[in-house]
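Fair warning: this is a prediction, and the values are worked out from it, not measured in the lab. Count residues from 1 along the sequence.
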Amino acid sequence: MSKLIFLLILIPMSLLSKEQLNILTYDSFISDWGPGPNIQKSFESRCSCTINWITADSSGALLSRVKLSKNKEGIDILMGLDDSLMSEAKETNLFETHSINSSTLSNLNISWNDEIFLPFDYGFFSFIYNSFNLSNPPTSFDQLAQRNDISIIIMDPRTSTPGLGLAKWIYQLKGDSSNEFWKSLQDQIVITAKSWSDGYGLFLEGEADIVLSYTTSPAYHAIAEGDETYKAMIFEEGHAEQIEVLAILKNSQNKQLADQFMQFSISSGFQNFIPNGNWMYPVIDEVEGIESFYRYAPKPSNLDRIFGSTSDRATWIKSWSNSIE
């Protein structure tokens, strides 16, 4: 007993009193090159707490994890859910209403009024090419479908957020003609990867001329690697948008701290690390170094925002699957 008392004396009281915030997110967010480590330092400098990261390998896996366990893991915040999964997430009744008021939300650079989920970054789907190898890229989907000289890598919409985003994008533009349009692309699609990282890696290895990704991907190559040859195809029809969101779990044991983190997520202390860490657009304008980021990742014209329901996603995926049967 005396040894235990001695050990407790050696531990600073500040550590004994610190609360722990459990955040579930995707693993690349907290990698050494991701924004997580800097965001953690920034938040912990503002609170008497520690962040405990819990990870899954994709946005879809995040929701599946809390659904299957009914959040018995004690997760306080789920961060990194794709907006196309918001309606499904709400149906679980596992998430808490946030306390961010409408005047604060009006200061974001995207329109937002959801009472459960908050956006922390966003991007636009696009095809990436190496301008050294491809000097005359298509400027529309119809032009792309006519270019049999261009090979394409996409991702499976059943397993990949960008893959689902492409299916949504095509359905937004083509509607009931989506099946036929997908069929017109099939000869050019040389690889359908399971994940974005698999597909993008194969593109960098020279396995295809273009790859499905985001308009922000060239910023990574230019700023992090000093390579300005990678460009995003900008289509005249407009681009589908992806928004990443976070929310508090209803059975969180640290709701006050979780609410503090929600407030923090739309402040510069968090958002400063999004452009050059997660390589997505920040949701506020007052961000360090944003000028150079936008230089390499200008925003395209965007299509109407669609928060897809479960039935919507099934329709998008069916259009793609019908073309490969």
Would the distance check show the side chain of [X] and the main-chain N or O of [Y] forming a donor-acceptor pair, the cut-off being under 3.5 Å?
{"X": "Thr92", "Y": "Glu88", "value": "no"}
{"X": "Gln271", "Y": "Glu286", "value": "no"}
{"X": "Gln40", "Y": "Gly36", "value": "no"}
{"X": "Asp121", "Y": "Met280", "value": "no"}
{"X": "Ser131", "Y": "Tyr230", "value": "no"}
{"X": "Asp259", "Y": "Lys255", "value": "no"}
{"X": "Asn71", "Y": "Val66", "value": "no"}
{"X": "Asp312", "Y": "Ser309", "value": "yes"}
{"X": "Ser31", "Y": "Ser28", "value": "yes"}
{"X": "Ser177", "Y": "Glu180", "value": "no"}

Between [atom1] of [X] and [atom2] of [Y], what distance do you get to the nearest 0.5 Å?
{"X": "Tyr171", "Y": "Trp316", "atom1": "OH", "atom2": "CH2", "result": "10.0 Å"}
{"X": "Ile153", "Y": "Ile210", "atom1": "CD1", "atom2": "CD1", "result": "9.5 Å"}
{"X": "Trp320", "Y": "Ile154", "atom1": "CH2", "atom2": "CD1", "result": "7.0 Å"}
{"X": "Leu85", "Y": "Thr310", "atom1": "CG", "atom2": "OG1", "result": "8.5 Å"}

Which residues share a salt bridge (Lys or Arg N to Asp or Glu O under 4.0 Å) with Lys299, sequence neighbours left out
none
For Lys70, check salt bridge (Lys or Arg N to Asp or Glu O under 4.0 Å) against everything at least two apart and list the hits.
none
Side chains of [X] and [Y]: donor-acceptor distance under 3.5 Å anywhere?
{"X": "Trp196", "Y": "Ser213", "value": "yes"}
{"X": "Asn179", "Y": "Lys318", "value": "no"}
{"X": "Asp27", "Y": "Thr55", "value": "no"}
{"X": "Ser103", "Y": "Asn101", "value": "yes"}

Heavy atoms of other groups near [X] [atom1], more than 12 under 6.0 Å:
{"X": "Gln20", "atom1": "CD", "value": "yes"}
{"X": "Asn136", "atom1": "CG", "value": "yes"}
{"X": "Glu73", "atom1": "CD", "value": "yes"}
{"X": "Gln256", "atom1": "CD", "value": "no"}
{"X": "Phe132", "atom1": "CZ", "value": "no"}
{"X": "Asp304", "atom1": "CG", "value": "no"}
{"X": "Asp187", "atom1": "CG", "value": "no"}
{"X": "Asp149", "atom1": "CG", "value": "yes"}

Determine whether Ile266 and Val283 satisfy the following criterion, side-chain contact (heavy atoms from CB on, under 4.5 Å), listing intermediate values before the conclusion.
CA-CA 7 Å; Ile266 53 175; Val283 298; 4.1 Å; yes
State, to 0.1 Å, how close [X] and [Y] come at their nearest heavy-atom pair, and which atoms those are.
{"X": "Lys194", "Y": "Thr159", "value": "O-OG1, 2.7 Å"}
{"X": "Ala219", "Y": "Tyr296", "value": "CA-CB, 3.6 Å"}
{"X": "Ala297", "Y": "Thr215", "value": "CB-O, 3.7 Å"}
{"X": "Gly308", "Y": "Arg313", "value": "O-NH1, 3.5 Å"}
{"X": "His98", "Y": "Ile100", "value": "ND1-N, 3.1 Å"}
{"X": "Gly269", "Y": "Arg46", "value": "CA-NH2, 3.8 Å"}

The test is side chain to side chain donor-acceptor pair (under 3.5 Å); show your working for Ser252 and Asn254 and say whether it passes.
CA-CA 5 Å; Ser252 163; Asn254 278 305; 5.9 Å; no
Contact check, side chains of [X] and [Y], non-hydrogen atoms, under 4.5 Å:
{"X": "Tyr200", "Y": "Ile128", "result": "yes"}
{"X": "Ile324", "Y": "Thr192", "result": "no"}
{"X": "Leu249", "Y": "Leu78", "result": "yes"}
{"X": "Phe117", "Y": "Leu81", "result": "yes"}
{"X": "Phe95", "Y": "Ile77", "result": "no"}
{"X": "Trp182", "Y": "Ser321", "result": "no"}
{"X": "Thr50", "Y": "Asn52", "result": "no"}
{"X": "Met155", "Y": "Leu166", "result": "no"}

Using the six-membered ring of Tyr129, assess whether NZ or CZ of Lys231 lies under 6.0 Å from its centre and within 45 degrees of the ring axis.
no
Quick check: is [Y] connected to [X] through a chain of hydrophobic side chains (ILVMFWY, heavy atoms under 4.5 Å apart)?
{"X": "Ile110", "Y": "Met79", "answer": "yes"}
{"X": "Phe29", "Y": "Trp33", "answer": "no"}
{"X": "Ile284", "Y": "Ile39", "answer": "yes"}

Strictly below 4.0 Å, N to O, side chains only: are Asp209 and Arg147 in salt-bridge contact?
no
Whether Lys18 and Glu44 form a salt bridge (side-chain N of Lys/Arg under 4.0 Å from carboxylate O of Asp/Glu) is what I want to check.
no
Are Trp112 and Phe307 an aromatic pair by the rule of ring centers under 6.0 Å?
yes
For a side-chain contact (heavy atoms from CB on, under 4.5 Å) check, start with the C-alpha distance between Gln188 and Gln146, then their side-chain angles and the critical distance, and finish with the verdict.
CA-CA 10 Å; Gln188 294 158 266; Gln146 295 165 7; over 6 Å; no
Apply the test side-chain contact (heavy atoms from CB on, under 4.5 Å) to residues Glu288 and Asn276: give CA-CA distance (whole Å), side-chain angles for both, the deciding distance (0.1 Å), then the verdict.
CA-CA 10 Å; Glu288 295 175 359; Asn276 296 339; over 6 Å; no
Evaluate Leu118 against Ser265 for side-chain contact (heavy atoms from CB on, under 4.5 Å), listing each step before the verdict.
CA-CA 8 Å; Leu118 274 183; Ser265 73; 4.1 Å; yes
Please tabulate, for side-chain N and O atoms in residues 237-248, each donor-acceptor pair with protein atoms closer than 3.5 Å (sequence neighbours left out).
residue: Glu237; atom: OE2; partner: Phe141; partner atom: N; Å: 2.8
residue: His239; atom: ND1; partner: Phe125; partner atom: O; Å: 2.8
residue: His239; atom: NE2; partner: Phe235; partner atom: N; Å: 2.8
residue: Glu241; atom: OE1; partner: Arg305; partner atom: NE; Å: 3.2
residue: Gln242; atom: OE1; partner: Tyr214; partner atom: OH; Å: 2.5
residue: Gln242; atom: NE2; partner: Asp82; partner atom: OD1; Å: 3.2
residue: Glu244; atom: OE1; partner: Tyr26; partner atom: OH; Å: 2.9
residue: Glu244; atom: OE1; partner: Asn278; partner atom: ND2; Å: 3.3
residue: Glu244; atom: OE2; partner: Tyr26; partner atom: OH; Å: 2.9

